[in-house]
Student: 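Input: one structure, supplied below.
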Amino acid sequence: MDRREFTKLLGSMGLALVPGKAAASHPHGPLADGVGVLVDTTVCIGCRKCEWACNRSNNLPEEELSSFESKAAFDSYRRPDASHYTVVNEFKPNGEAIWAKTQCMHCEDPACVSACIVSAFKKRSDGVVAYDLSRCLGCRYCILACPFQIPAYEYDNAFTPQVRKCTFCIERLDEGKAPACVSICPVECLTYGKREELIELAHRKIERNPDRYVDHVYGEHEVGGTSWLYLSSVPMTELGFPDLGTDAVPCVTETIQHSIFKNFIPPIALFAFLCQIMWLTREHGNSDDAEKSDTVDAYGGGDEGGTAS
Ligand code: SF4
Ligand code: SF4
Ligand code: SF4
């Protein structure tokens, strides 16, 4: 077990101490009206305009287009952080460059929602996983829980640190617009729409172009399904995406929480039982002392003590 897995386990165990949350259940399965984005990595040209549009739309610090035109960003693998909700990385699994955009996957059964003990993360009915700063305690369980290692914490912000991740451009969605990254993409690598329709579209694309794509829609089933879906010419694991099972992470963490919590009950009951015995013993001891004291008094003993002679 590595350090991250160990920290995650500790996080899960910590959650088990919160009775209300341990007993809570998470939403199960894809939402009927959920929206999503289909990312066709075979179309992406690595222009990074989606990164720029994201920063501009979310008032993130770096907003100059010129700073996103540099290809030096591809020299090392990058992750989304508190100042960049999405990043594009370059991969060359077979010699040819393939670019893949990364951001919060807006999971159908989000581990971050399940992990948050104060419901600062919520899965909306349209599929968006939204964050409410006013509720956040800063415990960072969400960061530990996310299987895609997405949420980032503003360690540099001493007074009002927030957990940061892709917002799915909620304000734009609520106005009936597509997310900023989707709108700006010059080659229609990103398609926004109903998740169910995007899955159908993805399978049609695979069927029509079996030589172009691997026969897999990443996100259709991973960790119970995600709102962001990917098509690729190589397995997504070769583009920096984790190989995750189809079980939703909350199912796993909640099972652990529930079993730990269940196993907590016998020790707690035993502790209460022992406390009661201690209390009874002390009460009994006190009454014995009182009787002894009465007896001593009756024989003329006192506080002065002394030895029998
Ligand atoms: S990718 Fe991570 S942060 Fe985004 S919804 Fe899923 S669990 Fe939450
Ligand atoms: S949906 Fe909005 S917040 Fe998310 S990556 Fe795209 S532009 Fe950024
Ligand atoms: S804007 Fe479109 S083509 Fe350009 S990097 Fe982003 S996803 Fe790829």
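One-based numbering, in listed order, for ligands and for the atoms of each.
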Student: With heavy atoms of Phe148 as the reference, note each atom of ligand 1 found under 4.0 Å away.
Tutor: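 Near Phe148, the atoms of ligand 1 are 1 (S).
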
Student: Is any NZ, NE, NH1 or NH2 atom of the basic residue among Glu108 and Arg195 found under 4.0 Å from an Asp or Glu carboxylate oxygen of the other?
Tutor: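 Salt bridge between Glu108 and Arg195, a charged N being under 4.0 Å from a carboxylate O: yes.
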
Student: Cation over ring, Arg56 on Trp52, under 6.0 Å and within 45°?
Tutor: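 Yes, a cation-pi geometry holds between Arg56 and Trp52.
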
Student: Using a threshold of 4.0 angstrom between heavy atoms of the protein and any atom of ligand 2, which residues qualify?
Tutor: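 Residues within 4.0 Å of ligand 2: Cys54, Asn58, Thr86, Lys101, Cys166, Thr167, Phe168, Cys169, Pro179, Ala180, Cys181, Trp228.
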
Student: So if I count the atoms of ligand 3 from 1 in the order they appear, which ones are less than 4.0 Å from some heavy atom of Cys189?
Tutor: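 Listed by number with element: 7 (S).
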
Student: Have a look at ligand 3 and work out which part of Val187, if any, has a heavy atom under 4.0 Å from it: side chain, backbone, both or neither.
Tutor: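 For Val187, only side-chain atoms sit under 4.0 Å from ligand 3.
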
Student: Heavy-atom contacts with Ile45 under 4.0 Å: which atoms of ligand 3 show up? List them by number with element.
Tutor: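 Here the atoms of ligand 3 in question are 3 (S).
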
Student: Under 4.0 Å between a side-chain nitrogen and a carboxylate oxygen: does that hold for Arg78 and Glu51?
Tutor: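 A salt bridge is present here (some side-chain N lies under 4.0 Å from a carboxylate O).
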
Student: Which ligand 1 atoms are under 4.0 Å away from a heavy-atom of Ala111?
Tutor: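 Counting atoms of ligand 1 from 1, those under 4.0 Å from Ala111 are 7 (S).
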
Student: Which of the atoms in ligand 3, numbered in the order shown and given with their element, are less than 4.0 Å from a heavy-atom of Arg48?
Tutor: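 Near Arg48, the atoms of ligand 3 are 4 (Fe), 5 (S).
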
Student: For the residue pair Phe241 and Tyr218, does the interplanar ring angle fall in the parallel (under 30°), tilted (30 to 60°) or perpendicular (over 60°) class?
Tutor: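 It falls in the perpendicular class, over 60°.
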
Student: Under 6.0 Å between the ring centres of Trp228 and Phe168?
Tutor: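 That pair passes the under 6.0 Å test.
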
Student: Do Tyr153 and Arg164 get their side chains close enough for a donor-acceptor pair, meaning under 3.5 Å?
Tutor: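 No pair is found: no donor N or O on one side chain lies under 3.5 Å from an acceptor on the other.
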
Student: Taking side chain to side chain donor-acceptor pair (under 3.5 Å) as the test, write out the residues that go with Thr246, two or more places apart.
Tutor: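 Scan of Thr246 (side chain to side chain donor-acceptor pair (under 3.5 Å), adjacent residues dropped) gives none.
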
